[in-house]
Visitor: 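Questions regarding the structure given below will be posed in turn.
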Amino acid sequence: MPTSSDAPPPELLNNDPNGFAWGVWHDRTPKLVQQIRNAHPYGPDQRQALDDLLEEISAGLMTPLPPDVHDHELWTDWGADYFGKPWLDAPFLGSEAYFYRRLLKAVDYFTPGPWQGVDPFDHLKTAELRDPTLEVDLSTLNDLQQLHPEEAGQAKLLASLWGNRADLGFRIGKTAASAEPQTENLVADDSELVWDLLSPTAEVTVVVDNAGRELLADLVFIDHLLQHDLAAAITLHLKPCPYYVSDATTNDFVACLRRLAETPGTASEISRRLWNAVGDGDLRLYTHSFYSAPWSYHHLPTDLVAELKNSSLTIMKGDLNYRRLVGDRAWPPVSNFADLTSYFPGAVAAFRTLKSDVAVGITPAMLITLEQMAPSWRTDGSYGLIQART
Ligand SMILES: O=P(O)(O)OC[C@H]1O[C@](O)(CO)[C@@H](O)[C@@H]1O
């Protein structure tokens with residue numbers, strides 16, 4: 001981190017017309033509310049609550065949650081600086097988390113009654129697992145068997161990374177057969193360091209991101225680590241509730257294991273091995289309310305720090321985890337990843353495709369190339385990175 005005399009750059013806010021957040025609030029989020037409303041037979045109360053939320057985020061002032069919700073204190077604490085003020089003036093990171101909490105409130109996700117526990121994003125997650133092209137992609141896993149374990153491992157690591165883009169999924173058959181790992185479009189690649197941190201005694205944590213194709217790719221990678229003695233045990237950190245549309249909860253983990261089991265061959269073998277690994281305690285599931293909280297990981301609560309401290313390596317998946325890890329700030333892209341993450345308990349790695357303004361750990365030469373050749377490199381999802389520090 002910068003020294004105290006060297007203040008960090010400002011947090012990213014919603015109100016910069018040239019910033020990535022602007023499009024999220026003016027386009028993506030309103031469409032999402034409308035889509036959730038159309039996709040469910042909600043009654044008048046939920047419909048009205050969704051309409052109110054849409055109006056509030058579009059032009060209104062941020063209002064607090066009612067006092068009777070279980071997490072009122074948490075959100076009052078965060079919102080003290082923002083409630084009663086325009087959504088557009090709030091920080092991007094915290095306000096988007098609050099939007100998802102408000103969405104769950106609008107659809108009565110936590111309210112005792114018929115809609116309690118009904119995931120408003122389930123139809124989208126299920127559609128991805130039912131996509132007919134997934135069968136072909138999962139079948140390509142059989143081809144990986146022909147590869148040397150090290151090559152197969154690198155192909156699976158890269159599939160886990162690009163799974164965050166969710167459009168490539170398991171299209172690693174060709175890559176695997178030609179033994180050409182998919183390294184183009186990587187703006188940073190510390191994968192060697194990641195492999196160095198893995199060993200038969202390693203306790204690995206994977207803070208997962210999206211359900212569906214991304215989680216399937218993560219599970220294939222995790223199975224590889226367990227099968228090849230590259231980890232003694234692995235803990236999956238899942239979301240405690242539906243979040244950011246497709247973030248993975250325990251239900252989504254179970255759905256992925258079941259989907260893998262439906263494809264004969266390697267995919268179903270992976271499903272069986274992981275199912276058994278959960279039973280044997282080699283693959284642990286874990287969640288914490290902090291994973292849907294509005295703060296960066298600089299504010300980790302003590303029990304989560306204690307959990308992460310035992311880990312030989314924590315792998316952070318995806319864009320949002322990256323923003324929370326380095327801080328959602330206007331960092332110069334050449335800032336040092338190891339310095340910015342030195343506060344984090346234990347060794348940490350990030351596998352992320354770039355889908356928002358934040359980027360660090362880019363070499364000056366790479367930065368010049370990117371700015372000249374691909375002006376939207378930070379946000380269009382076509383670039384990826386693997387960054388790590390011991
Ligand atoms: O699933 P990921 O990789 O965390 O990406 C989520 C990203 O999408 C956004 O929600 C954009 O809407 C970003 O705020 C966030 O960083």
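Index from 1, following the sequence. One-based numbering, in listed order, for ligands and for the atoms of each. This is a predicted model, so every value here is computed, not measured.
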Visitor: Cut-off 3.5 Å, no hydrogens considered: what does the side-chain donor-acceptor table look like for residues 11-26, sequence neighbours left out?
Guide:
residue : atom : partner : partner atom : Å
Asn14   : OD1  : Trp25   : NE1          : 2.8
Asn14   : ND2  : Trp87   : O            : 2.9
Asn14   : ND2  : Ala90   : O            : 3.3
Asn14   : ND2  : Ser95   : OG           : 2.9
Asn15   : ND2  : Asp89   : OD1          : 3.3
Asp16   : OD1  : Asn18   : N            : 2.8
His26   : ND1  : Trp22   : O            : 2.8

Visitor: Which protein residues have a heavy atom closer than 4.0 Å to any atom of ligand 1, listed by chain and number?
Guide: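 Its neighbours under 4.0 Å (heavy atoms only) are Phe20, Val24, Arg28, Phe92, Glu96, Asn164, Asp209, Asn210, Tyr244, Gly318, Asp319, Leu320, Arg323, Lys355, given by chain and number.
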
Visitor: Any sub-3.5 Å donor-acceptor pair from Asp119's side-chain atoms to Phe121's backbone N or O?
Guide: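 Confirmed, Asp119 side chain pairs with Phe121 backbone.
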
Visitor: Would you check if the side chain of Arg165 reaches a backbone N or O of Ser382 as a donor-acceptor pair within less than 3.5 Å?
Guide: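 Yes, the answer is positive, given that a donor and an acceptor are paired below the 3.5 Å cut-off.
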
Visitor: Within a radius of less than 6.0 Å around CD of Glu55, do more than 12 heavy atoms belonging to other residues, nucleotides or ligands occur?
Guide: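 No, because the 6.0 Å sphere around CD of Glu55 holds 12 heavy atoms or fewer from other groups.
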
Visitor: Would you compute the distance between atom CG of Leu193 and atom CD of Gln387 and round it to the nearest 0.5 angstrom?
Guide: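 Leu193 atom CG to Gln387 atom CD measures 11.5 Å (nearest 0.5 Å).
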
Visitor: Give a yes or no on this: more than 12 heavy atoms of other residues, nucleotides or ligands lie within 6.0 Å of atom CD of Gln116.
Guide: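 More than 12 within 6.0 Å, yes.
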
